[in-house]
Novice: 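What follows is a structure written as structure tokens; I'll ask about it next.
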Amino acid sequence: MADKTITCKDCGKDFVFTEGEQEFYKEKGFENDPVRCPDCRRERKQQRNNRR
């Protein structure tokens, strides 16, 4: 496995999906690569938590 460069679907910035992150996703059973950069993921998670 090699690092992958992915474009965030929210902000359009490129981010690197590292080999280690890919292993983590695989261990957790996630089948899809992330579509958002870490910053957008964090922001989205925060918005979800604030709605409760």
Side-chain angles (χ1 to χ4, degrees):
M1 247 186 275
D3 290 353
K4 294 181 183 178
T5 301
I6 301 172
T7 303
C8 177
K9 84 172 201 176
D10 285 353
C11 69
K13 289 191 300 187
D14 287 344
F15 65 98
V16 177
F17 186 38
T18 66
E19 238 181 288
E21 290 170 324
Q22 292 175 51
E23 280 296 321
F24 175 78
Y25 270 56
K26 190 175 173 183
E27 285 175 18
K28 292 291 182 181
F30 300 143
E31 295 180 9
N32 300 319
D33 291 348
V35 294
R36 292 181 179 85
C37 68
D39 292 338
C40 287
R41 264 185 270 157
R42 199 173 10 261
E43 190 176 314
R44 192 168 164 88
K45 184 176 181 180
Q46 208 170 25
Q47 287 173 352
R48 275 197 322 262
N49 289 339
N50 288 340
R51 288 190 189 138
R52 294 179 184 172

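Here the structure is a predicted model, which means the values were calculated and not measured. Sequential numbering from 1 along the given sequence is applied to the chain's residues. Computation of the quantities below employed the complete heavy-atom set of this structure, encompassing side-chain atoms and omitting hydrogens, waters and symmetry-equivalent molecules.
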Novice: Taking side-chain contact (heavy atoms from CB on, under 4.5 Å) as the definition, give me every residue that meets it alongside Asn32, ordered by chain and number, with sequence neighbours left out.
Specialist: none

Novice: Please identify each residue that fulfils salt bridge (charged side-chain N to carboxylate O under 4.0 Å, His left out) with Lys9, with sequence neighbours left out.
Specialist: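 If we apply the salt bridge (charged side-chain N to carboxylate O under 4.0 Å, His left out) test to Lys9, skipping adjacent residues, there are no hits.
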
Novice: With sequence neighbours left out, what residues match Lys26 under side-chain contact (heavy atoms from CB on, under 4.5 Å)?
Specialist: Met1

Novice: Say you draw a straight line from CD of Glu43 to CG of Asp10; how long is it, rounded to the nearest 0.5 Å?
Specialist: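 Those atoms lie 8.0 Å apart.
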
Novice: What pairs with Thr18 under side-chain contact (heavy atoms from CB on, under 4.5 Å), at least two apart in sequence or on another chain?
Specialist: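 Expected list: Asp3, Val16, Glu21.
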
Novice: Please enumerate all residues that pass salt bridge (charged side-chain N to carboxylate O under 4.0 Å, His left out) together with Arg42, with sequence neighbours excluded.
Specialist: Asp39

Novice: Who else is in Phe24's hydrophobic cluster (ILVMFWY, side-chain heavy atoms under 4.5 Å, direct or via others)?
Specialist: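 Grouped by the 4.5 Å side-chain rule, Ile6, Phe15, Phe17, Tyr25, Phe30 form the rest of the cluster around Phe24.
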
Novice: Can you see which heavy atom on Arg36 is nearest to which on Arg41, and at what distance?
Specialist: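 Smallest heavy-atom distance, with atoms named: O-NE, 3.0 Å.
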
Novice: Considering non-hydrogen atoms only, spot the tightest contact between Cys37 and Cys11 and give its length.
Specialist: SG-SG, 3.8 Å

Novice: Could you tell me which residues satisfy side chain to side chain donor-acceptor pair (under 3.5 Å) with Lys45, sequence neighbours excluded, listed by chain and number?
Specialist: none

